[in-house]
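Down below is the structure, laid out as structure tokens.
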Amino acid sequence: MKSNKEAVLQARPKAKNPWMDAWHSLKKNKMACIGGIVLLIFILIAIFADFIAPHAADTQDWMHIMEGPSADFPLGTDSYGRCVFSRIVYGSRISLLVGFVAVAFSAIGGGIIGACAGYFRGTLDNVLMRIMDVLLAIPSILLAIAIVNILGPSLINVMIAVGLSSMPSFARIVRAAVLSIRDSEFIEAAVAIGDNTASIIWHNILPNCLAPIIVQATLGVASAILSAAGLSFLGLGLQPPSPEWGAMLSEGRAYIYIAPWLTICPGVSIVLVVLSLNLFGDGLRDALDPKLKQ
């Protein structure tokens, strides 16, 4: 016969895993699943671009300039005879790379600033948050334009500019999350056993702020891709002949009436990626926020 202790342990309800609950909730959200599938397709296209693209991104064919879609050129060619489909495929690498790297940069920087401001409070909190408020008062695209003008147009500088313009949002989100758990018992226990401040912030506070950070990061990638495309459209991002979607839009606008595929194809690509990220991000927010669960 089983002992009373074993019977009590079996009768005790199992602790719920919030991440598994979020996963099950996310799977029930059809729009989020569609967004995740579309995003996964673009990620796979970016990874296997060398095998998917029928031509090199910069290969010029002067015998097939401004041709419409065909078997050899599925989305037509541009004014230099380059395959638009191949440039769209290779351009997915650039757009997704800029989006993910810029958001990672802003999430790390903003997370550290927000964690320090929320944990220490006082003068440091006021100074850091006032700096973030000043950055928030400037439209993100204007701030990115100013940074790129100072640093110069290049892939690295676009990532830095977009990352810096997105950093205040992460700082405020992390600060709010830290303030809500700063006085919790497990933080007091960590202080009591002698953990240093850096260890408490890294091992105890930031892991409990992951949910809002993940949601903001997912939505932030969409904004970063739009900002990078906008910079390239204005001639401040990646320079030709790079197959960046915003630059392709800028190049194709001169031929919009005679070769509409030059603007439609990169434009649709941007819309699909941004829409998929927004749908997936909204689903993550609903799944990870207990207040929104029914």
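Taking all atoms of both residues into account, the shortest heavy-atom contact from Ala161 to Val148 is CB-CG2, 3.5 Å. Smallest separation of non-hydrogen atoms from Arg93 and Ala49: NE-CB, 3.6 Å. Val98 approaches Val158 most closely through the heavy-atom pair CG1-CG1, 4.1 Å. When all heavy atoms of Ser227 and Ile141 are compared, the closest pair comes out as O-CD1, 4.1 Å.
In this structure, Leu179 stands alone, with no Ile, Leu, Val, Met, Phe, Trp or Tyr side-chain heavy atom under 4.5 Å from its own, directly or through other members. Cluster note: Tyr257 groups with Ile256 through ILVMFWY side-chain heavy atoms spaced under 4.5 Å, whether in direct contact or through intervening members.
Residues Cys83 and Pro54 are in side-chain contact: their nearest non-hydrogen atoms beyond the backbone lie under 4.5 Å apart. Side-chain contact check for Met248 versus Val84: some heavy-atom pair is nearer than 4.5 Å. At a threshold of 4.5 Å between non-hydrogen side-chain atoms, the residues Val215 and Ile173 do not count as touching. Counting heavy atoms from C-beta on, the side chains of Ser165 and Leu135 never come closer than 4.5 Å. Within the 4.5 Å cutoff, side-chain heavy atoms of Asn278 are placed close to those of Leu219. Side-chain atoms of Asp72 and Asp61, non-hydrogen and from C-beta on, never get closer than 4.5 Å to each other. Side-chain contact between Ile258 and Met66 is present, with at least one heavy-atom pair separated by less than 4.5 Å. Between Ile65 and Gln60 the shortest side-chain heavy-atom distance does not fall below 4.5 Å.
Looking at Thr263, its side chain never comes within 3.5 Å of a backbone N or O of Leu249 through a donor-acceptor pair. Counting only distance, with no hydrogens or angles, the side chain of Trp245 and the backbone of Ile88 share a donor-acceptor pair below 3.5 Å. With Asn157 contributing its side chain and Pro153 its backbone, the two residues share no donor-acceptor pair below 3.5 Å. Without hydrogens or angle criteria, Ser95 side chain to Ser92 main chain gives no donor-acceptor distance under 3.5 Å. Side chain of Trp261 to main chain of Thr77: a donor-acceptor pair is present (N/O by atom type, distance under 3.5 Å, no hydrogens or angles).
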Ignoring hydrogens and angles, write down the donor-acceptor pairs under 3.5 Å from the side chains of residues 104-115, residues two or more places apart or on other chains.
unit_1	atom_1	unit_2	atom_2	d
Ser106	OG	Ala102	O	3.2
Ser106	OG	Val103	O	3.0

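Trp62 is connected to Leu262 through a chain of hydrophobic side-chain contacts under 4.5 Å among Ile, Leu, Val, Met, Phe, Trp and Tyr, so both are in one cluster.
Here Leu143 contributes atom CG and Met167 contributes atom CE; the two are 10.5 Å apart, rounded to the nearest 0.5 Å. The distance from the CG atom of Asp50 to the OH atom of Tyr90 is 4.0 Å, given to the nearest 0.5 Å. Distance check, rounded to the nearest 0.5 Å: CG of Leu96 to CZ of Phe42 gives 8.0 Å. Atom-to-atom distance recorded for Leu40:CG and Ile37:CD1 is 8.0 Å, nearest 0.5 angstrom.
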(request) Evaluate the criterion side chain to side chain contact (heavy atoms under 4.5 Å, CB included) for residue pair Val38 and Leu275; output intermediate values, then yes/no. (result) CA-CA 9 Å; Val38 174; Leu275 180 60; over 6 Å; no
(request) Decide side chain to side chain contact (heavy atoms under 4.5 Å, CB included) for Ile213 and Gln216; before the verdict, give the C-alpha distance in whole Å, the side-chain angles of both, and the deciding distance to 0.1 Å. (result) CA-CA 5 Å; Ile213 292 175; Gln216 179 61 27; 5.9 Å; no
(request) Show your reasoning for whether side chain to side chain contact (heavy atoms under 4.5 Å, CB included) applies to Ser169 and Leu136. (result) CA-CA 8 Å; Ser169 300; Leu136 279 174; 4.3 Å; yes
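For Phe73, the ring-ring contact (aromatic ring centres under 6.0 Å, His included) criterion is met by His55, His64, not counting sequence neighbours. In this structure, Glu67 has no salt bridge (Lys or Arg N to Asp or Glu O under 4.0 Å) partners at least two apart in sequence or on a different chain.
Within 6.0 Å of atom CZ in Phe100, more than 12 heavy atoms from other residues, nucleotides or ligands are found, so the atom counts as buried in its surroundings. Counting heavy atoms of neighbouring residues, nucleotides and ligands inside a 6.0 Å radius, atom CZ of Phe120 exceeds 12 of them.
Results of the side-chain contact (heavy atoms from CB on, under 4.5 Å) test with Arg87 over Pro243, Ser242, Pro266, Cys265 single out Pro243 as the only residue that passes.
Among residue pairs with one or both ends in residues 164-180, those qualifying as salt bridge (charged side-chain N to carboxylate O under 4.0 Å, His left out) are Asp125-Arg175, Asp133-Arg172; sequence neighbours excluded.
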